[in-house]
Amino acid sequence: MQKKLKLWDAIMLVMGSMIGSGIFIVSADMMRNLGSGYWLIVVWIITGIMTVAAAISYGELSALFPKAGGQYTYLKEIFGKRMGFLYGWGLFTVIQTGTIAAVAMAFGKFTAYLVPSLNDAAPLIQSGEFKITWIQILAIAVILLLTYINTRGVESGKFLQNLFTGSKILALLGLIAAGFILVDFSHLSENFSLGMDSFSNLKKDLSGNFLKEGWEPIGGMTLMGGIAAAMVGSVFSSVAWESVTFVSGEIENPKRNVVKSMIYGTSAVMILYIAVNFVYLNALDRDGIAFATNDRVAVAASQNIFGSAGTIIIALLVMISTFGCNNGLILAGARVFQTMAKDGMFFKSAEKNNKNEVPENALWMQGIWASLLCLSGQYGNLLDMISFVIVLFYMITVYGVIYLRIKQPALERPYKTWLYPVTPIIYLIIGTVFCILLLIYKQQYTWPGFVLVLLGLPVYYFINRRKGDQ
């Protein structure tokens, strides 16, 4: 593969793939689970420590296996083809494609702010709860457009990625500055006045809306359950940084630049995320965050910052953010499916590069499946179910660093995990506590996604039925 991506391009891919629509929405649900500005920030800090610790740990593997396929390649090389396939299966069925669908739908929904007729138009097709709307059609159009642009060569995808990631970073920095300069009345001290106390157990009315009068103090294991539930949102907003490992084969000096891009990119995004949440806490009181209309907490905050223009400003920011995010996801994901095809683990046609030296068939397979998920309307439920599995795969990969150190200590390691073994152990401890708490308190986020990935086992055995390398 041609090495057309430099360190800056790789950092932009990391940051652009992470910053989608989540940061503008998830803090509302997090506040409903915690009822405290203090704990809201604590959860984002925990997520930041997790994310950067994982990126530092992945760095050692990226230097050991500096080729396309990234996390799939690491899992395959360390734990065998079956584990690699299960990750790739999950990535194609929902992790990558479901995220692409969800981010494209967020683009469509925020576009509808600027073009209200998109919201008001009658569904094109409706049968019971199933319907196809113009917003879904717009989301699919964005996916197919970005897929087409990426088939024109990695230079096209790189240009778009740098442009849109740079734009949304500047816009977020502007929002953070304005969030402290232009707010007439600060709610910061009010939101932190409760200290370490936390509140939740909100009731719903007959329409399913949360009641503002229902805050009740929580503590002990109930608080731990609330933290785990809140982390579903912050973790979902902080994934996809590993996408840069998928394109390792196209990055200059991948043994050094992949790890640098992951550490610099994840650290910068988590600092931005924490700062944006301070803006929410400054511009809005607890109820303003928890009960923001349709969970669009960024819109509510912007209206307090910019007045009536706030909705338009945030709609434009989310459109820029989601467009750039999807470009990164589409660019990177197809490289995994191409690598799987080379290993005989995916459709053979996905292996080929086109005349522009990019995996065109893999790009279109990914784009078409993501478009079908848009039409199904189930991508949101699938992503809720898969958050648990994403963290499990992160944990298995981070454990792979320790496993290789024990099994193959003599391997030449161009980069060694900083503060090993403390860094990977920190991730494994936090990840284990997160998963156990979800299994106890929020099982709807766990078993369905786990079962979905395990469905890949019969597919794996079918593919390998004539091979002796299971």
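In this text, all values refer to a predicted model and were calculated from it rather than measured experimentally.
- Using modelled atom types, one side-chain atom of S321 and one backbone atom of I19 make a donor-acceptor pair closer than 3.5 Å.
- By the ring-ring contact (aromatic ring centres under 6.0 Å, His included) test, W241 pairs with Y58, Y394, sequence neighbours left out.
- A salt bridge links R32 to D29: one of the charged nitrogens lies within less than 4.0 Å of a carboxylate oxygen.
- Annotation for P424 and Y420: closest pair CG-CD1, 3.9 Å, computed over non-hydrogen atoms.
- No donor-acceptor pair closer than 3.5 Å links the side chain of W44 to the backbone N or O of S234.
- Sequence neighbours left out, not one pair with a member in residues 253-272 passes side-chain hydrogen bond (donor to acceptor under 3.5 Å, both in side chains).
- Between K6 and E252 there is a salt bridge, with a side-chain nitrogen of the basic residue lying less than 4.0 Å from a carboxylate oxygen of the acidic one.
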Give the table of side-chain donor-acceptor pairs shorter than 3.5 Å for residues 304-320, with sequence neighbours excluded, one pair per line with atom names and distance.
unit_1: N304; atom_1: ND2; unit_2: A283; atom_2: O; d: 2.7
unit_1: T311; atom_1: OG1; unit_2: Q303; atom_2: NE2; d: 3.0

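- Of the residues K158, R335, K4, the one that meets the salt bridge (charged side-chain N to carboxylate O under 4.0 Å, His left out) test with E250 is R335.
- With hydrogens and angles disregarded, no donor-acceptor distance shorter than 3.5 Å links the side chain of N191 to the backbone of N282.
- In this structure, N33 contributes its side chain and S200 its backbone to no donor-acceptor pair below 3.5 Å.
- A donor-acceptor pair is defined here as one N or O able to donate and one able to accept, closer than 3.5 Å; such a pair exists between the side chain of S62 and the backbone of G59.
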